[in-house]
> 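Encoded as structure tokens, here's the structure I'll be asking about.
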Amino acid sequence: MEYRPSDIEPKWRNWWKKNNTYQVENHSDKPKYYILDMFPYPSGAGLHVGHPLGYIASDILARYKRLRGFNVLHPMGFDSFGLPAEQYAIQTGQHPAVTTEQNIARYREQLENIGFSFDWSREVRTSDPGFYKWTQWIFIQLFNHYYDLDADKALSIESLVKRLSASGNAGLNAVCDDDTPPLSADEWNTMSEPEQAQFLLHYRLTFPGEEYVNWCPALGSVLSNDEVKDGVSERGGHPVERKLMKQWVMRITAYADRLLEGLNTVDWPESIKEQQRNWIGKSVGASVRFAVEGMPEQHIEVFTTRVDTIYGVTFMVLAPELELVKTLTTDEQRNAVEGYIKWAASRSEIERMASTKKATGVFTGAYAVNPFNNERVPIWIADYVLAGYGTGAVMAVPSGDQRDWTFAREFHLPVTPILDAQQDLDQAADPTKEGRYINSGLINGMNYAEAVPTLIRWLEEKGLGAGKTQYKLRNAVFSRQRYWGEPVPAIWEDGIPRMIDTAELPLLLPAVDKYLPTENGEPPLARAKGWKYELSTMPGWAGSSWYFYRYMDPNNEQEFCSKEAIQYWQNVDFYIGGSEHAVGHLLYSRFWNHFLYDLGLAPHREFAQKLVNQGMIQGRSNFVYRAKERFFEEYLLIKVLQPFFSAEGPMAIAEPNFEEEIQYDFAFETNNLAIEVTSVKQEEKIQRIRNAARADGKRLLLLSTEFLTEFINQPEIVAEKVRAALTSREEFIAEPGRLDNVHLFVSHNLTYKYSPDSLTKLHVDVNLVDDDVLDLEKARQTPQFAQANFKLDAEGKYTCSWEVEKMSKSKFNVVNPDIMVAEHGADCFRMFEMFLGPITDAKPWNTKGITGVSGFLRKFWGLYFDGEQFHVGDEAPDREEWRILHTCIKKVTDDIERMSMNTCVSHFMIATNDLRKLNCSKRAILEPLAVLIAPFGPHIAEELWHRLGHSGSVCDAAWPVLNEEYLKMDTKEFPIQINGKLRATIELPTDISAAEAEAAALALEQVQRWLEGLAPKKVVFVPGRMINVVV
RNA sequence: GCGGGCGUGGCGAAAUUGGUAGACGUACCAGACUUAGGAUCUGGCGCCGCGAGGCAUGGGGGUUCGAGUCCCUCCGCCCGCACCA
């Protein structure tokens, strides 16, 4: 009988649904196993083939564990608050809840079609009030706790209040704001209630703070650090600036050490752990206080990891933004310093990062005093020192730090050697710690290990410093000026926030007339009638920071999760998802979990014991080349610039220069103007061009690549800008923008792409290009293509190419799983995705191999049939049949355990091929085989299971037990090596002794030939494996 | 620059502790059945060589009876971080 997945798959999906096959109870005699997928954001584009990769792998594991006798929790839900739904709402006026609902329905349908064993009765949605009620509740708990360093955990604010009223904050060892003033019990007790509330904000784990934030004007909201890449927003690529704003802040720094230590207790990929360690950025060192010469009230505190180099300090450097700079600067230096500060502030993040090699800075005129030797050292400012790290001031040791060395070299500051083993300091700094100290007073003659404690002891005795640990981790800004997120359950009264009563939760997201900020720049919630609460909403990571507990008890209205449920399920045994969440979701959820643990609400410090990152499935992007010259003629030269130049006089235009090593640059010249379009990151190059233009007496028109995008979108507006710039200024530099992969929509299915590879490649819809040949008939139906002037190659064909890129709607390379499922069946799709390669590897989507899996499933199905008849007999299997089955049991069992799903599919193919050759149709073999394949192809397994006479689900079968006896072979083909190289093979009993094996090997004619009559020097025999004769 | 990972046929990849490198699948070649083949079946398929044989896991070196696997070194690619004192 023919294998037709379309006949059997929908049938069993309905059957599973009707029988609640995947419903899980919160109690069982069986051991529990919690396997979790990172839940998706339901975007409008629907699921693409990359999404299910991890879900399929986890589903196989979940089904396998269930067959092995575990009570398995394997849920799915939706991270349904977020930006795209809101952007869509802004454009269409449709409520984001409506589009979100539609998208979820689509996602669920797609997911269900793949045959996952999710328990949908436990589905969660972060935008559901029943869910975000508890997100708000946890927020309130954070507000009501502070971090006590002596207890090394979060304690209630009430206990802090008691303590303050008894003894003030003297001796209180708690995490708080840097500017928390000392407070006596008397002072506390005489404070008014609002004053007390204000004071407590210094300690609360979530609090409103004035923070420098990543403000994205285009999105009208702040972004977290992990939402910003290369100075632009990760989503949309809009410029981001630093701005001081009042924001809700999470005191995640309180947990820095625990988040770091916890990493040692979980089985997570090393790269993720390293990224988190890096993000937390712990450095151990010392703080040292330097006096300022002639200013007794002032001092400069620095943090250093190399206090041992203190005698090598020859200058100090402060970040230009520091308030202190203004106080220190002498009148003679004031102009220079202010000029530098202004210049530094005007530099974009990208510019600053691009020029790390050459040192810039200015002397303040002031001097600091090294507390150890009372030497006066000049105080400089430079933007290589960051205001946001440590104290924003460094003690510069040019002999030991390369940046300081470079700076000293540039400004002719002295370099003092401090170690006897130090390298040639004329060439570079020597950051090593080898040798003994010289020129170093207190520590002369000591080595590094002796010097550090000596110096710190001295500092602490004199009160001039102390051992100190510094972190890169910043407190996390928790406010977003957006609509589609959880409302913050706070009310402001006289500038002081108060949490609403938890009985009033959830605080529902109100209706608004528009999803935009108000005219005076307030967030969208300000539009809601009668809204008296906080106007900002929570960020995208709020709901995902605890959702894994909600699955345990999704409908509980009294608690975020019942104690019984959490006691039963504990934490996640196996978590699978993409590595892009390395320092976002995976760090924030660990933080919240540590907090919930402190409150006794979570049973483990870490919420996920094991984590696996699935690799990305990339798409194949197709391109057609567009004639380059025409592109510029049309858009840049003819439409805009030529009229302008004509007015100025005759123009000669050089060929666009495409062959530069940076190919997205192009340049051309007129007789009085040099035009350059380039990445602003190419600073050196810009300088070169600028100099050349000046030398030729020409003016420079410099356009960034992003500007070019804008230019083509709105040529008139931009042309006006260019004209204005050219008439008013000598030089015009357009806004710096994103530097690569700028995509420009020209129509719904054609894109101009600027990438380092070519300016004139067009992304083409996958459907238009087949096997590198553009389907002209289809392409002509698109209006833009009809007008486009594509490049013809020598044979008169359109030049096409392709590249592997991330799957994205804008690249027209998204492959939808529905088509695959409809065409080949869900089982085939599942096994094919697994067969692509190891789940952790990134791989381009390529459907070429699907016929292999499809053919295999047909053959596998065929094992159970004789022509049209289902045919499985009860004869006793022979040894070879047993061997095939048990080899398969062993391999598949081992490989699922190590998540090697691709090789499992291979083993099924081998077993099927072998059994086919034997014409095996025996129940004792085929029935266990159906169970083995059930995790991979649940539909085909269920069908066969029922045909084999069972009425229950194959999901409740028992995993076949391996019998090692069947793996044993009487004889084996032994490889015979001569000096480690294979020269012959010989069939021998598997358990042959060393002596017999040696004799048999030496008797071989091929071996004798190599021995040339001599006795072997040595014979190595590995029992049951091989023989190696050493000549 | 720092950290993590990787490098094996035309392609996706196997090789779990050092023990017959390339399983399985694609692509390709030949044949069979066919009116036909994007169906099915059989055989071949790392490279060089008629062959014996030689050479092969990014290059070079080492340890070992034996190295894709361990060590050193160089090269290349991917990912992350990046003036963090």
> When rounded to the nearest Å, what value does the distance between C1' atoms of B:U69 and B:A14 take?
14 Å
> Provide the distance between the two C1' atoms, one in B:G46 and one in B:C83, to the nearest whole Å.
49 Å
> A:Y3 and A:F865: aromatic ring centres closer than 6.0 Å?
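No - the distance between ring centres of A:Y3 and A:F865 does not fall below the 6.0 Å cut-off.
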> Counting only side-chain nitrogens and oxygens, does A:R858 get under 4.0 Å of the OP1 or OP2 atom of B:U40?
yes
> Counting the atoms with a prime plus P, OP1 and OP2 as sugar-phosphate, which does A:V1022 contact under 4.0 Å by heavy atoms, base, sugar-phosphate, or nothing?
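Answer is base: heavy atoms of A:V1022 come under 4.0 Å of a base.
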> Let's see if you can work this out: which of B:C41, B:C81, B:A21 has an atom nearest to the side-chain heavy atoms of A:L982?
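From the listed options, B:A21 comes nearest.
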> Any side-chain donor-acceptor pair under 3.5 Å between A:T971 and A:E987?
yes
> Parallel under 30°, tilted from 30 to 60°, perpendicular over 60°: which one fits the rings of A:F411 and A:W380?
tilted
> Picking from B:G19, B:A85, B:G4, which would you name as closest to the side chain of A:V385?
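It is B:A85.
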> Rounded off to whole Å, could you give me the CG-to-P distance for the A:D401 and B:C2 pair?
14 Å
> Under 6.0 Å from the NZ atom of A:K273, do we count more than 12 heavy atoms belonging to anything else shown?
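Yes, enclosed.
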> Given atom CD1 of A:I850 and atom P of B:A13, what is their separation to the nearest angstrom?
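A:I850 atom CD1 is separated from B:A13 atom P by 16 Å.
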> Write down the distance separating the C1' atoms in B:G66 and B:G58, rounded off to the nearest Å.
23 Å
> Tell me the closest heavy-atom pair linking A:I576 and A:A57, and the distance in Å.
CD1-CB, 4.2 Å
> Any idea if B:G9 is syn or anti, going by the 90°-from-0 cut?
syn
> Nearest whole Å is fine: how far is B:C83 C1' from A:E321 CD?
13 Å
> For the side chain of A:R916, starting at C-beta, report the closest nucleotide among B:G4, B:C41, B:C83.
B:C41
> Would you indicate, yes or no, if B:G53 has its OP1 or OP2 atom less than 4.0 angstrom from a side-chain nitrogen or oxygen of A:R983?
no
> Would you call the rings of A:W845 and A:F829 parallel, tilted or perpendicular, taking 30° and 60° as the class edges?
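Correct class here is tilted.
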> Answer with base, sugar-phosphate or nothing: what part of the nucleic acid does A:Q470 contact at a heavy-atom distance below 4.0 Å?
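A:Q470: no heavy atom of the nucleic acid under 4.0 Å.
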> Find out whether the Lys NZ or Arg CZ of A:K282 is both under 6.0 angstrom from the six-membered ring centre of A:Y471 and within 45° of the ring's axis.
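Checked: cation-pi criterion not met.
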> Checking contacts here: which listed nucleotide (B:U16, B:A85, B:A14) is nearest the side-chain heavy atoms of A:T903?
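Output: B:A14.
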> Just the rounded figure in Å: distance from C1' of B:C81 to CD1 of A:I272.
13 Å
> Do we see a donor-acceptor contact under 3.5 Å between the side chains of A:Y448 and A:T309?
no
> Taking N and O atoms by type only, does the side chain of A:N1028 place a donor or acceptor under 3.5 Å from a partner on the base of B:C65?
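Check passes, donor-acceptor contact within cut-off.
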> In whole angstrom, give me the gap between the C1' atoms of B:G62 and B:C79.
31 Å
> In whole Å, measure the gap between the P atoms of B:G54 and B:C41 for me.
38 Å
> For the rings on A:F372 and A:Y311, is their centre-to-centre separation under 6.0 Å?
yes
> When you compare B:A23 with B:A13, how far apart are their C1' atoms, in angstrom units rounded to a whole number?
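Each nucleotide's C1' atom is 10 Å from the other's.
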> What nucleotide among B:G80, B:G53, B:U26 has an atom nearest to a side-chain atom of A:T851?
B:U26
> Measure from the side-chain heavy atoms of A:K981 and tell me the nearest of B:C24, B:C55, B:A85.
B:C55
> Looking at every strand, decide which applies to A:P838 at a 4.0 Å heavy-atom threshold: base, sugar-phosphate, or nothing.
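Here A:P838 touches the backbone only, sparing every base.
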> In terms of side-chain heavy atoms of A:R898, which of B:U20, B:A13, B:A15 is nearest?
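From the listed options, B:A15 comes nearest.
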> Which nucleotide wins on minimum distance to the side chain of A:I910, given the candidates B:A85, B:A14, B:C24?
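The closest nucleotide is B:C24.
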> Is A:M1026 touching bases, backbone alone, or none of the nucleic acid, heavy atoms closer than 4.0 Å?
base
> Ignoring backbone atoms, establish whether A:S579 has a side-chain N or O less than 4.0 Å from OP1 or OP2 of B:G80.
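No, no such contact exists.
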> Using atom C1' in both nucleotides, what's the gap between B:G7 and B:G44 to the nearest angstrom?
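Roughly 29 Å separates the two C1' atoms.
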> To the nearest Å, how far apart are A:W845 CH2 and B:C11 P?
21 Å
> Under 4.0 Å: is that the gap between some side-chain N or O of A:N913 and OP1 or OP2 of B:G25?
yes
> What distance, rounded to whole Å, do you find between the two P atoms, one in B:G60 and one in B:C50?
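B:G60 and B:C50 have their P atoms separated by 26 Å.
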> Given B:A85, B:C65, B:C41, which nucleotide is nearest the side-chain atoms of A:K1018?
B:C65
> Please determine, for the side chain of A:V1020, which listed nucleotide (B:C24, B:A85, B:G19) has the closest atom?
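Among the listed nucleotides, the one closest to the side chain of A:V1020 is B:G19.
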> Just to be sure I understand the rule, does A:E274 reach a base, reach only the sugar-phosphate, or reach nothing, if contact means heavy atoms closer than 4.0 Å?
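The answer is sugar-phosphate, as A:E274 gets under 4.0 Å only of primed atoms, P, OP1 or OP2.
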> Give the stems involving RNA chain B, where a stem is 3 or more consecutive Watson-Crick or G-U wobble pairs (i with j, i+1 with j-1, and so on) under 3.5 Å.
B:1-7 with B:75-81, B:10-12 with B:24-26, B:28-32 with B:40-44, B:46-48 with B:53-55, B:58-62 with B:70-74
> With under 30° as parallel and over 60° as perpendicular, where do the rings of A:F1021 and A:F974 fit, or are they tilted in between?
parallel
